Amino acid sequence: MTRQQVREALAVLQSEVPHWDVPVITLMAQEHRDPYRVLIATLLSLRTQDQTTGPAAQRLFALADTPEAMLKLDQKTIERAIYPVGFYRTKAEQVLTISQRLLDEFDGQVPDDIDVLTSFHGVGRKTANLVLAEGYNIPAICVDTHVHRISNRWGYVKTKDPLATEMALRKKLPRDLWITYNPMLVALGQHCCKPTSPMCSQCPVASFCKRVGVQRSR
DNA sequence: AAAACGGGGGC
DNA sequence: GCCCCAGTTTT
């Protein structure tokens, strides 16, 4: 897959996405570009599916959408609001400790530096890059399992872990596509290019993919 | 009933 | 590099 083909593939996906679902965090960022909401929603979304994150995040933000307001909530209240996302105890704790540190050290603002972000407990590269991209509109490549899986299926990169994928994409992916790459691939991954049993016959970008017409184990 | 799903940290 | 963490959705 060449740079130009990736550009074309993303354009095709761009036109498909309206009748798929836009990932909830991207949708949220379109409504109000708020790094705090992006950070908290991403925290909730870790190791859970996109559709279950949405309602949970809505319930929580109805109660509090700033660090100050969040710290006024009882941990139990947060747990109840986010319950279906799983790991609700850990996640509620993280929401509170992160909010506290934002207030103590950053004047309530979410940092826009990847190293500072990943120094927070519970924030890894995926979360940090998504905060930069969706929260601040700063070019950043957020590599989740969809991005990792599909980039490799396409043959655009040949990497075995998400960090390697991020580094490879950093070299190969044109900078103006860094922000949109994640939401487009997430949408494709959820509706079509699934981890097991991908629906290649209905895939709008199959013509770009090295898998089509070639038998592969995965 | 069982397997798939999807990041981060501790060790 | 291996293990753990919890709940929803799909098979």
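Within every chain, numbering begins at 1; the chains are lettered A, B, ... in the order of the sequence lines, protein sequences first and strands thereafter. Since we're looking at a predicted model, the values are computed, not measured.
Using atom C1' as the reference point in both B/dG9 and C/dT8, the two lie 24 Å apart (nearest Å). Comparing C/dT11 with B/dG6, their P atoms are spaced 13 Å from each other, to the whole Å. With C1' as the reference atom, B/dG8 and C/dT9 are 23 Å apart, rounded to whole Å.
A straight line from CG of A/D50 to C1' of C/dG7 spans 16 Å, rounded to a whole angstrom. Taking atom NE2 on A/H146 and atom C1' on B/dC5, their separation rounds to 9 Å, with Å as the unit. In this structure, CG of A/L43 is placed 10 Å from C1' of B/dG8, rounded to the nearest angstrom. For the pair A/Q94 CD and B/dG9 C1', the computed distance is 10 Å after rounding to whole Å. Rounded to an integer number of Å, the gap from CZ of A/R89 to C1' of C/dA6 is 9 Å. What separates CG of A/L117 from P of B/dG7 is a distance of 17 Å, to the nearest Å. Atom CG in A/L185 sits roughly 16 Å away from atom C1' in B/dG6 (whole-Å rounding). Nucleotide B/dG7 holds its P atom 14 Å from the CG atom of A/D161, rounded to whole Å.
For the atom pair A/L173 CG and A/R3 CZ, the distance stands at 8.5 Å (nearest 0.5 Å). In this structure, CD on A/Q51 lies 6.0 Å from CD on A/Q190, to the nearest 0.5 angstrom.
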Between the protein and nucleotides 8-10 of chain C, which nitrogen or oxygen pairs are less than 3.5 angstrom apart?
none

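Each of A/T90 and A/K160 has a nearest nucleotide on DNA chain C; the 5'-most of these lies closest to A/K160. Nucleotides of DNA chain B nearest to A/T118 and A/T196 differ in position, and the one nearer the 5' end is that of A/T196.
Note on A/I138: it does not cluster hydrophobically with A/W178, by side-chain heavy-atom contacts below 4.5 Å among ILVMFWY residues. Hydrophobic clustering places A/L71 together with A/L73 (ILVMFWY residues linked when any side-chain heavy atoms are closer than 4.5 Å, directly or through intermediates).
The existence of a salt bridge linking A/D144 and A/R125 is excluded, since no basic side-chain nitrogen approaches an acidic carboxylate oxygen closer than 4.0 Å. A salt bridge is defined here as a Lys NZ or Arg NE, NH1 or NH2 lying under 4.0 Å from an Asp or Glu carboxylate O, and A/R89 with A/E93 fails to meet this definition.
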Query raised in the report: In dot-bracket notation, what is the pairing pattern of DNA chain B, taking Watson-Crick (N1-N3 plus N6-O4 or O6-N4) and G-U wobble (N1-O2 and O6-N3) contacts under 3.5 Å, with [ ] crossing and | for other strands?
Result: |||||.|||||
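Each of A/V17, A/D21, A/V186 was checked for a side-chain contact (heavy atoms from CB on, under 4.5 Å) with A/H191, and the lone residue meeting it is A/D21. Checked against A/Y181 for a side-chain contact (heavy atoms from CB on, under 4.5 Å), the options A/C142, A/S151, A/P174 give a single hit: A/S151.
Under the 4.5 Å side-chain criterion, counting only non-hydrogen atoms from C-beta, A/V143 is not in contact with A/N129. Inter-residue side-chain proximity for A/L102 and A/Y36 is flagged as met; some heavy-atom pair is nearer than 4.5 Å. Side-chain atoms of A/V157 and A/M1, non-hydrogen and from C-beta on, never get closer than 4.5 Å to each other.
Taking a 4.0 Å limit (strictly below) on heavy-atom distances, residues 119-134 of chain A reaches DNA chain B at A/F120, A/H121, A/G122, A/V123, A/G124, A/R125, A/K126, A/T127.
OP1 or OP2 of B/dG7 has at least one side-chain nitrogen or oxygen of A/T145 nearer than 4.0 Å.
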Requested in this report: Applying side chain to side chain donor-acceptor pair (under 3.5 Å), run through A/T159 and A/N152 and close with a yes or a no.
Outcome: CA-CA 7 Å; A/T159 47; A/N152 276 282; 3.1 Å; yes
